[in-house]
Amino acid sequence: MATLAASSPFQSDFLRVLDERGFLHQGSDLSGLDALLRQGPVGAYIGFDATADSLHVGHLMSIMVLRWFQKTGNRPVVLIGGGTTRIGDPSFRDTSRPMLDDAQIAANMAGIGRAFAQYLSFGEKPTGAVMVNNADWLDELRYIPMLRDIGRHFTVNRMLSFDSVKLRLDREQPLTFLEFNYMILQAFDFLELSRRQGCRLQMGGSDQWGNIVNGIELARRVDGTELFGLTTPLLTTASGAKMGKTAAGAVWLNADRRSPHDFWQFWRNTEDADVGRFLRLFTELPLDEIARLEALQGSEINEAKKILAHEATTLCHGAKAAVQAGETARRVFEEDGAGGGLPTVEIARADLAAGVRLADLLAAAGLADSKGAARRLIRDGGARVNGTPVTDEAALLTLTDLGSANLDSEGRIRLSAGRKRHALVQAR
């Protein structure tokens with residue numbers, strides 16, 4: 001098992017694309033996987049638990065990996081954790097996830113499924129994507145046979161050695177026996193998908209490495225099957241913020257959770273230092289064009305951000321929605337009387353990097369008579385950041401919301417009180 005070098009040479013189209021675009025972090029037997037991928041269509045999966053009725057930008061690296069897997073001639077399998085969601089993945093969490101009932105899980109699964117229709121092509125052809133639910137096999141398991149046939153391949157010593165478990169224990173946070181079983185069930189998923197769907201590869205975020213390795217070892221012990229694993233790197237913005245998080249909360253993929261306009265604006269607000277990386281990860285533009293765009297300086301980098309916003313929104317919501325979102329943003333931020341005529345609050349970039357309370361800025365911009373009135377505005381649902389409602393009175397605005405670390409760029413934050421009163425925040 002090895003962490004990849006930046007210039008790892010591969011002959012298969014899939015690994016070469018992922019390596020060139022920055023998706024690869026860890027892999028098992030990469031030369032063997034490279035050879036397998038050159039032989040013809042391979043099945044691979046990524047799992048998504050149904051903890052909400054939409055996926056968000058934090059899942060987008062995994063979705064793009066599945067998309068590239070299909071575009072390079074392979075068969076992606078989307079695993080929805082209808083079974084494992086009842087437990088909740090404890091990986092790198094301080095607390096247990098809320099328990100959801102079956103009706104909530106079913107509704108969440110339906111919402112999640114809609115996002116994949118935009119990124120993958122489903123069907124019966126050799127490279128057609130497949131969506132499966134692990135409840136189909138986990139619900140049928142009997143406890144004693146499961147312990148005897150599967151549990152005997154796992155030692156408590158090894159399970160305690162995984163970082164996802166050690167983190168919880170080191171912090172003296174409770175880890176339930178239910179959660180402790182999650183890694184066994186995820187390993188069993190890999191075994192079952194190798195049998196049912198011919199999956200030879202499991203992919204996921206870097207926090208899933210231990211679970212993936214468990215599945216590889218289980219299949220080798222039980223079936224004598226050689227399986228492979230890949231992970232993508234943990235992604236944060238240049239300022240250190242978690243990818244996909246803003247003052248308004250998660251950046252959802254489904255249009256009923258976040259409008260195409262607000263989705264477009266999230267990408268338009270990308271920090272200057274992230275433009276090239278995000279173009280490689282979240283668009284399909286050629287690498288030479290991306291190199292040209294990320295080399296732009298000063299205010300010209302904003303054109304690259306608009307291209308990023310258009311391309312990412314096109315993939316998620318379609319070309320028509322992306323064009324409409326871009327035009328709406330142009331009218332709001334650029335036309336006189338809509339963008340240029342709005343009151344503007346200047347703030348030091350260093351202060352914004354550290355985080356500034358939204359309530360303070362609303363008051364400073366004249367959108368509320370006082371900080372107390374601003375907090376009430378937020379609490380009552382009348383405050384918006386870049387068009388997205390914010391209801392957390394303690395919400396902080398950061399460079400992630402501004403989207404510009406370059407003083408010469410025009411990156412701004414739009415604050416709103418209701419739908420008709422607006423102001424801008426400008427870094428200096």
Side-chain angles (χ1 to χ4, degrees), residues 1-2 4 10-15 18 24-48 62 65-66 68-70 72-84 89 91 126-142 145-155 158-159 161-162 181-232:
M1 310 295 180
L4 296 169
F10 297 108
Q11 296 184 42
S12 64
D13 290 340
F14 177 63
L15 289 183
L18 262 60
L24 290 179
H25 178 60
Q26 289 172 302
S28 66
D29 187 11
L30 295 173
S31 61
L33 177 58
D34 198 28
L36 177 67
L37 288 164
R38 296 199 306 273
Q39 294 174 13
V42 174
Y45 84 97
I46 298 179
F48 303 84
S62 291
V65 165
L66 288 174
W68 280 114
F69 192 67
Q70 185 171 53
T72 53
N74 298 286
R75 184 169 61 92
V77 175
V78 178
L79 173 65
I80 305 296
T84 44
D89 186 357
S91 297
T127 61
V130 178
M131 186 174 292
V132 296
N133 177 4
N134 64 11
D136 291 345
W137 54 86
L138 295 182
D139 283 0
E140 302 302 317
L141 292 176
R142 291 182 297 159
M146 176 67 173
L147 290 178
R148 181 194 64 205
D149 299 336
I150 302 301
R152 67 189 178 91
H153 296 292
F154 294 81
T155 68
R158 181 166 174 76
M159 293 169 75
S161 72
F162 286 104
N181 279 269
Y182 188 94
M183 65 177 72
I184 298 179
L185 297 181
Q186 184 166 331
F188 187 69
D189 283 345
F190 202 175
L191 176 65
E192 279 295 300
L193 286 172
S194 71
R195 294 168 172 174
R196 294 169 178 249
Q197 297 290 340
C199 287
R200 300 289 302 278
L201 171 65
Q202 182 185 356
M203 303 178 288
S206 58
D207 61 333
Q208 296 301 310
W209 180 244
N211 292 329
I212 293 172
V213 170
N214 280 334
I216 292 172
E217 295 183 353
L218 179 63
R220 177 180 57 80
R221 290 170 180 265
V222 174
D223 286 354
T225 303
E226 183 183 18
L227 302 181
F228 302 88
L230 286 178
T231 63
T232 56

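Nothing here was measured: the structure is a model prediction, and the numbers come from that model.
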To check you understand the geometry: which heavy-atom pair defines the closest contact between [X] and [Y], and what is its length?
{"X": "Ser28", "Y": "Trp209", "answer": "N-CH2, 3.9 Å"}
{"X": "Ile46", "Y": "Met203", "answer": "CG1-O, 3.3 Å"}
{"X": "Val77", "Y": "Cys199", "answer": "CG2-SG, 3.7 Å"}
{"X": "Gly128", "Y": "Arg75", "answer": "O-CG, 3.1 Å"}
{"X": "Ala135", "Y": "Gly82", "answer": "CB-C, 3.9 Å"}
{"X": "Leu30", "Y": "Leu230", "answer": "CD2-CD2, 3.7 Å"}

Nearest 0.5 angstrom please: [X] [atom1] to [Y] [atom2], how far?
{"X": "Asp34", "Y": "Gln39", "atom1": "CG", "atom2": "CD", "result": "10.5 Å"}
{"X": "Phe188", "Y": "Asn181", "atom1": "CZ", "atom2": "CG", "result": "13.0 Å"}
{"X": "Asp13", "Y": "Gln11", "atom1": "CG", "atom2": "CD", "result": "10.5 Å"}
{"X": "Phe154", "Y": "Glu217", "atom1": "CZ", "atom2": "CD", "result": "8.5 Å"}
{"X": "Arg196", "Y": "Leu191", "atom1": "CZ", "atom2": "CG", "result": "10.0 Å"}
{"X": "Leu201", "Y": "Leu36", "atom1": "CG", "atom2": "CG", "result": "8.5 Å"}

Task: Sidechain-backbone polar pair: Arg200 side chain, Glu226 backbone, donor-acceptor under 3.5 Å - done: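 Yes, Arg200 side chain to Glu226 backbone: donor-acceptor pair under 3.5 Å.
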
TODO: Measure from the side-chain N and O atoms of Thr231 to the backbone N and O of Gln26, and report whether any donor-acceptor pair falls under 3.5 Å.
DONE: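 Present.
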
Would you say that [X] contacts [Y] through its side chain, given a criterion of any heavy-atom pair below 4.5 Å between the two side chains?
{"X": "Leu218", "Y": "Ile184", "result": "no"}
{"X": "Val132", "Y": "Tyr45", "result": "no"}
{"X": "Met183", "Y": "Asn211", "result": "yes"}
{"X": "Asn214", "Y": "Gln186", "result": "no"}

- [ ] Applying side chain to side chain contact (heavy atoms under 4.5 Å, CB included) between Val42 and each of Phe228, Phe14, Phe69, report the one that passes.
- [x]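 When Phe228, Phe14, Phe69 are each tested with Val42, the side chain to side chain contact (heavy atoms under 4.5 Å, CB included) holds only for Phe69.
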
Task: Leu79: which of Asn133, Thr84, Asn134 passes side chain to side chain contact (heavy atoms under 4.5 Å, CB included) - done: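 Option passing the side chain to side chain contact (heavy atoms under 4.5 Å, CB included) with Leu79: Asn134.
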
Open item on the list: Salt bridge check, Arg195 against Glu192: does any charged N sit closer than 4.0 Å to a carboxylate O?
Closed with: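 Salt bridge between Glu192 and Arg195, a charged N being under 4.0 Å from a carboxylate O: yes.
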
TODO: State, without any angle test, whether Trp137 and Asp189 hold a side-chain donor-acceptor pair at a distance under 3.5 Å.
DONE: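 Judged by distance alone, the side chains do pair up.
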
TODO: Show your working on side-chain hydrogen bond (donor to acceptor under 3.5 Å, both in side chains) between Gln202 and Gln208 and close with a plain yes or no.
DONE: CA-CA 10 Å; Gln202 182 185 356; Gln208 296 301 310; 5.6 Å; no

